[in-house]
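Working notes, beginning with the structure itself.
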Amino acid sequence: MSTTNVTAVLPPPPVASVLSILVRTALLGLAVAVLVWAWYASEMDPAQLVRDSRNMAELGRDFFKPDFTEWEFYLKGMLETLAIAIWGTLLAVVFGIPFALLCSTNIAPAWITFPVRRMMDALRAINELVFALIFIAAVGLGPFAGVLALFVHTTGIIAKLFSEAVEAIDHGPVEGIRGTGATKLQEIVYGVIPQVLPLWIGFTLYRFESNVRSATVLGLVGGGGIGMTFNETMRSFQYEQAGAILVIVVITVSALDILSQRIRAKFI
Amino acid sequence: MSTTNVTAVLPPPPVASVLSILVRTALLGLAVAVLVWAWYASEMDPAQLVRDSRNMAELGRDFFKPDFTEWEFYLKGMLETLAIAIWGTLLAVVFGIPFALLCSTNIAPAWITFPVRRMMDALRAINELVFALIFIAAVGLGPFAGVLALFVHTTGIIAKLFSEAVEAIDHGPVEGIRGTGATKLQEIVYGVIPQVLPLWIGFTLYRFESNVRSATVLGLVGGGGIGMTFNETMRSFQYEQAGAILVIVVITVSALDILSQRIRAKFI
Amino acid sequence: EDIKQLNFGIISTESSAALSKSFEPMLKDLEKAVGVPVKAYFAQDYAGVIEGMRFKKVDLAWYGNKSAMEAVDRAGGEVFVQTTKKDGSKGYYSLLLVNKSRTDLNEVKDVLDCSKGLNFGNGDANSTSGNLVPSYYVFAINNVNPSNCYKNVAVSNHEGNALAVAMGQVDFATNNTESMDRLAQSRPDDFAKIKEIWRSPLIPSDPLVWRKDLPSDVKAKIHSFFLGYGRLGTPEEVSRAREILKTTSDGWGPFVASSDAQLYPIRQLELFKSKLKIQNDEKLSADEKKSKTAEIDGKLADLSKLMETTPNM
Amino acid sequence: MSYALAIDGISKSYGAVRAVSSLNLRIAPGERVALIGASGSGKSTLIRLASGLLTGDSGEVRVFGEAIQRSGKLTKDARKIRRRIGLIFQKFNLVNRMSVTSNVLVGALGRISELRGTFGFYCRADREAAYSALCQVGIEQHAHKRAEALSGGQQQRAAIARALVQRAKVIIADEPIASLDPKSAKRVMDILADLNKTQGITLLVSLHQVDYARAYFDRVVAMRGGEIVFDGPSSKLTPEFLTELYGASAEELILPGQAGPAETHQPMTRNDAPAELTRAH
Amino acid sequence: MSYALAIDGISKSYGAVRAVSSLNLRIAPGERVALIGASGSGKSTLIRLASGLLTGDSGEVRVFGEAIQRSGKLTKDARKIRRRIGLIFQKFNLVNRMSVTSNVLVGALGRISELRGTFGFYCRADREAAYSALCQVGIEQHAHKRAEALSGGQQQRAAIARALVQRAKVIIADEPIASLDPKSAKRVMDILADLNKTQGITLLVSLHQVDYARAYFDRVVAMRGGEIVFDGPSSKLTPEFLTELYGASAEELILPGQAGPAETHQPMTRNDAPAELTRAH
Ligand SMILES: Nc1ncnc2c1ncn2[C@@H]1O[C@H](COP(=O)(O)OP(=O)(O)OP(=O)(O)O)[C@@H](O)[C@H]1O
Ligand SMILES: Nc1ncnc2c1ncn2[C@@H]1O[C@H](COP(=O)(O)OP(=O)(O)OP(=O)(O)O)[C@@H](O)[C@H]1O
Ligand SMILES: [Mg+2]
Ligand SMILES: [Mg+2]
């Protein structure tokens with residue numbers, strides 16, 4: 001058989017119905033309209049940003065003379081925050097994993113994913129302050145209430161992020177496991193988790209880092225921590241001290257990010 | 001050839017050196033020690049939670065009588081916040097994608113990923129309030145300063161999340177593209193993006209949702225919005241109104257989550 | 001009820017580093033006097049402390065006037081003593097600030113002119129000095145509604161407002177004497193750009209509030225401790241306590257006796273404010289407005305009566 | 001006696017494409033059946049349907065008399081039934097990030113207690129079985145590597161080892177020797193044939209190499225366009241039929257440049273009504 | 001005249017495993033070379049090294065005289081040089097979430113302007129080339145499907161179509177017909193042979209089917225343990241040599257049940273010093 005010289009006619013692409021074209025155009029128009037509306041509603045004015053950029057530099061400069069005289073106190077605050085974030089995140093991961101699996105359309109049926117997703121939406125949507133107050137009522141002021149509030153809120157986030165990673169996996173290996181007659185749980189343990197582990201680790205350390213930075217809740221529960229100290233320095237215009245705290249936070253976050261990379265590298 | 005009945009001896013697993021065992025034990029011990037320390041530092045006391053759980057119900061009940069008399073005002077606040085979040089997130093995605101690629105160890109060399117990652121760490125670590133202040137200096141109070149502050153902070157987060165998705169891709173397709181002599185950019189467009197798109201969409205809508213909820217920045221810039229209104233109702237203990245706002249936020253977040261799922265479903 | 005530990009909630013408006021350190025010696029003395037450990041919580045948001053008090057998780061708290069009112073109304077709290085300043089004064093003042101370069105704005109009536117299209121930096125809705133006091137004494141009394149009168153009303157905290165005035169982002173803004181003192185110390189350059197065009201009547205200094213249902217013996221011990229601190233005892237003890245008070249928070253004198261009556265003026269302000277809100281509410285019919293205003297007026301009258309019969313001394 | 005595998009009127013469409021259309025197939029215990037057909041003729045789809053990994057639009061699949069799927073729904077026992085089927089996938093379906101040993105041990109999951117399996121507490125016997133399977137396919141020296149670090153043929157053999165560890169009563173394999181060199185291919189086919197002979201394990205294997213089909217299988221099922229177009233002894237696979245099946249000249253098909261062996265076979269049997277002509281048992 | 005592909009002393013180790021060890025290979029323009037060897041012998045590694053997708057530990061690879069990698073580093077021109085090499089991967093390496101057409105059009109990227117390629121503005125000629133390539137491999141009716149919705153053999157042919165669209169001067173293919181039925185396999189091999197004959201395109205193709213190697217290639221290179229152990233005309237591939245290469249009896253190797261064709265060949269040539277015996281050009 002010699003290669004045939006096919007008349008090079010493109011096969012007609014799957015026909016898009018007039019309706020679907022209309023719908024698409026309408027959606028596009030809607031998106032543009034929303035963007036334009038949001039532009040005016042947000043009073044966007046990039047020109048002004050350029051015009052008065054010198055002000056930014058001026059204000060920014062204040063932060064660049066960090067004043068470390070109180071460093072011991074900052075470090076103590078950082079440790080407090082770390083302690084709270086460790087347990088808040090750990091609990092969220094432990095509880096978030098089952099919820100994440102129940103949220104994943106490729107693992108659970110729709111009548112489970114839908115309500116569980118809405119529940120997780122609520123955990124994220126309901127302000128951490130509300131949870132903090134509720135826990136204060138039970139356990140009083142202090143870091144424990146902070147742990148609980150972070151835990152509940154973070155669970156909603158972890159469940160969402162984890163489940164979206166699960167939904168993006170390759171199904172081949174899962175079928176490989178399923179073919180051996182493994183149980184659903186075993187499919188997850190051997191087929192799903194190895195695939196999503198690097199992402200899960202990244203998400204966990206990202207949320208841990210966010211929780212370390214989170215100040216609002218801890219300000220409410222009187223749990224102390226670096227975030228509160230930072231807010232105070234800002235309120236009293238002690239930008240030099242604020243700068244010093246930022247240096248500590250940046251170093252911590254970078255350290256966590258590097259840690260995250262090293263752990264993930266083992267699983268990629 | 002008939003099947004040989006091999007003497008079933010397990011091959012010795014790769015020998016773990018004494019040193020590496022020591023290191024592992026030490027790391028495990030360290031992890032446990034950190035958990036224990038954090039437990040006490042956070043004054044964890046689960047028993048108390050159970051003992052006084054009735055208090056939680058009592059306080060929580062206050063939120064379950066939502067008072068919608070001011071619903072127009074809340075809706076207006078929600079729209080304000082949406083407008084700010086739309087542009088804050090959109091800009092963050094536009095700028096975050098190149099940074100995310102420069103952060104990915106499987107795309108950029110270490111001498112680029114390292115500094116760029118640290119830069120992104122800083123964007124996340126530096127409190128949004130600082131950025132808000134800096135932008136206030138340039139563009140004055142108002143939603144625009146809020147957009148800018150959200151944008152900068154979100155860029156750091158988007159870059160991190162996006163790049164971790166990129167690092168977890170399958171390299172086969174990328175090599176397939178590379179083999180045709182495509183440029184680096186083309187490898188990304190055809191080999192990387194199709195693989196990470198579902199995750200990226202999920203992350204974007206998650207951050208959008210977070211930005212809608214974010215109130216701190218908008219409180220500072222005087223940009224208004226639902227978050228601020230919520231904080232005010234909380235501070236004046238108008239839990240019925242707070243409950244109403246929460247209902248609106250929960251509905252919005254759920255709507256975004258459903259939207260996110262539908263969009264992602266097209267790309268999975 | 002057996003009190004094993006006194007939980008002391010402190011609303012930390014300034015550096016909690018300095019604040020917690022400054023409270024330590026006094027709390028030690030309190031511990032000795034009451035005979036149970038005292039645990040202090042420094043919270044930035046009073047909601048937690050108030051709810052904590054409501055559910056008996058906080059026994060004793062140092063509040064601002066407005067939050068004290070909430071604690072009394074919803075958390076079973078009771079004002080029992082009032083702090084004083086180092087110089088013995090019993091309060092502070094609310095201010096209106098403008099940029100020094102604005103020669104056209106020099107007194108209250110200059111900013112009440114709605115035709116100028118001014119930008120106003122208001123305080124947070126729950127700030128006594130940043131919002132409540134000016135709302136009543138500047139706007140309500142002069143029949144001006146800021147949201148109709150000014151081109152733009154931005155809401156920020158004291159510091160944000162001061163900075164906005166210094167940077168010329170707003171034409172005028174609210175503030176208080178305490179925040180200005182801090183600004184003068186930390187950012188003299190910005191402070192120098194600002195002038196004061198109005199000063200409110202004295203706002204009473206912060207009260208201490210306890211849980212009404214604390215056992216009476218505990219209450220008695222606490223009460224006598226605070227009132228006696230820096231007053232009773234040997235001259236050495238008194239001067240030591242006074243030294244401690246001077247370095248507690250931003251510098252205190254001895255406590256003076258107080259009661260819920262301290263909050264009457266604040267309540268008045270609040271009522272005036274809600275009256276204003278009802279009057280401006282376009283959704284309400286004239287009748288509704290009338291009945292609601294009448295209700296508030298009744299409460300105001302009751303308050304005035306109370307202020308006469310049981311004034312706070 | 002019930003069939004090892006009985007497929008009744010199963011269909012599966014993807015949009016307009018009918019990948020498998022109302023197909024019937026019965027395989028007795030201990031039979032060796034080769035499945036041939038052009039690329040896209042529906043072999044993989046049929047195999048996924050037979051193992052209950054894919055549910056058909058209609059029809060039924062029974063394994064030793066027990067239904068694994070019926071009218072487009074998996075039965076409750078699907079999982080239990082799957083344990084009796086050793087599956088080898090065209091794309092291997094290994095877990096790239098796990099070691100070869102872990103991948104192979106997964107084959108034991110159906111046999112051991114659920115709890116032990118879930119936490120990966122395999123006993124010594126399981127590990128020995130895994131190692132012996134790796135030896136059988138000849139990749140024991142790669143046991144500790146990650147699956148993705150293997151060459152294509154080594155991965156294919158790891159996937160085969162996993163099915164061996166499963167000790168299934170039926171082995172269904174989708175092109176198990178596609179990526180293997182002749183020696184490894186022969187070794188794998190020998191193992192399968194040996195399992196069939198010594199333990200009576202039923203084999204259903206899709207193949208592109210007609211010669212292997214002839215050498216190792218007594219019965220050949222040929223598919224075209226989602227239907228069975230031949231079902232009979234492999235000796236009846238004539239060049240003429242293959243010409244019809246694939247639509248090219250016979251000599252080219254078997255192997256380029258050697259039309260020899262085809263001549264020794266009997267005349268072609270073209271079978272358009274596969275259901276009736278299915279071998280009786 | 002420079003070689004189409006010149007590999008000098010290239011090595012690649014994975015930990016203790018030497019996948020390719022100081023290997024030399026020269027292929028003249030217009031040659032057709034088959035690469036055979038047992039599973040794990042280093043064929044895929046060699047192909048990835050030759051195309052600069054993998055950098056060796058040492059050694060050099062030149063394509064038409066220009067180095068693509070040297071001493072473990074890609075050269076600056078690597079990307080430009082790759083455009084001249086059409087690559088077909090053992091695992092296809094298609095982008096699952098893109099349509100078949102998009103996957104195939106990617107082959108045109110090296111030819112069209114960078115900007116147009118990046119934004120996917122292919123011109124009519126490119127689309128026609130893609131369609132014609134799909135027709136050549138016989139999967140034009142699947143052009144609009146997502147790559148992952150294809151059967152194994154269809155995916156393999158899509159990957160081949162991508163390489164055809166590239167219009168490369170050299171085609172390097174890693175088991176391009178492993179998942180194909182005899183007819184499709186023949187069709188693909190005919191296309192490649194035709195490209196070689198009519199356009200002088202150089203071919204380096206790894207294969208497991210020794211018969212295809214004999215039928216379509218004038219030169220065969222055999223690998224074992226990362227080294228070349230035979231390099232000569234395919235007519236010299238004797239059963240005895242193959243026995244040595246794979247370590248099994250010759251009849252079993254070629255194909256089970258048919259030792260016939262092997263007898264027609266000349267006596268075995270075993271070559272332990274491949275560099276010297278490389279065909280001179
Ligand atoms: N990433 C890797 N890490 C470790 N070892 C590897 C890696 N890639 C390949 N190897 C090893 O290198 C050797 C050669 O592999 P290669 O893929 O080149 O074999 P091959 O000849 O293509 O085999 P097949 O015919 O099975 O595809 C094998 O032993 C393989 O296990
Ligand atoms: N998920 C899917 N979506 C749409 N069409 C599909 C899907 N899976 C398979 N098909 C189509 O169904 C038909 C049969 O596919 P199947 O994989 O069963 O073929 P096969 O006989 O295994 O081919 P090969 O020998 O190439 O592996 C093909 O035309 C294929 O394109
Ligand atoms: Mg198939
Ligand atoms: Mg290979």
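Chain letters run A, B, ... following the sequence lines, proteins first, then strands; residues in each count from 1.
In this structure, a donor-acceptor pair under 3.5 Å is present between the side chains of E:S21 and E:E227. Side-chain contact of E:Y216 with E:D190: a donor-acceptor pair under 3.5 Å is present, judged by distance alone.
Of all residues spanning residues 86-95 of chain D, those with a heavy atom less than 4.5 Å away from chain E's heavy atoms are D:Q90, D:K91, D:F92, arranged by number. Within residues 173-181 of chain E, the residues having any heavy atom under 4.5 Å from a heavy atom of chain D are, by residue number, E:E175, E:A178, E:S179, E:L180, E:D181.
Two residues are said to be in side-chain contact when any heavy atoms from C-beta on lie closer than 4.5 Å; D:V165 and D:R162 fail this criterion. For the pair D:L35 and D:L207, the minimum side-chain heavy-atom distance is 4.5 Å or more. The shortest distance between side-chain heavy atoms of D:M223 and D:L23 falls below 4.5 Å. Within the 4.5 Å cutoff, no side-chain heavy atoms of E:V205 are placed close to those of E:Y212.
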Kindly determine whether D:R97 and D:E148 satisfy salt bridge (charged side-chain N to carboxylate O under 4.0 Å, His left out), including the steps that lead there. CA-CA 7 Å; D:R97 288 190 181 117; D:E148 65 190 343; 5.6 Å; no
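In this structure, the portion of E:Q155 lying under 4.5 Å from any heavy atom of chain D is its side chain and not its backbone. Proximity to chain E (any heavy atom under 4.5 Å) is restricted, for D:S151, to the side chain, taken from C-beta onward. With a threshold of 4.5 angstrom between heavy atoms, D:K43 does not approach chain E through any atom at all.
Of the listed residues (E:S39, E:G153, E:G152, E:S184), the one with the most heavy-atom contacts under 4.5 Å to chain D is E:S39.
With respect to D:I172, the side-chain contact (heavy atoms from CB on, under 4.5 Å) criterion is satisfied by exactly one of D:I47, D:V33, D:L46: D:I47.
To the nearest 0.5 Å, atom CG of residue D:D57 and atom CD1 of residue D:I10 are 9.0 Å apart. The distance from atom NZ of D:K145 to atom CD of D:Q154, rounded to the nearest 0.5 Å, is 6.0 Å.
With hydrogens and angles ignored, the 3.5 Å screen pairs no side-chain donor or acceptor of D:R146 with any backbone N or O of D:N96.
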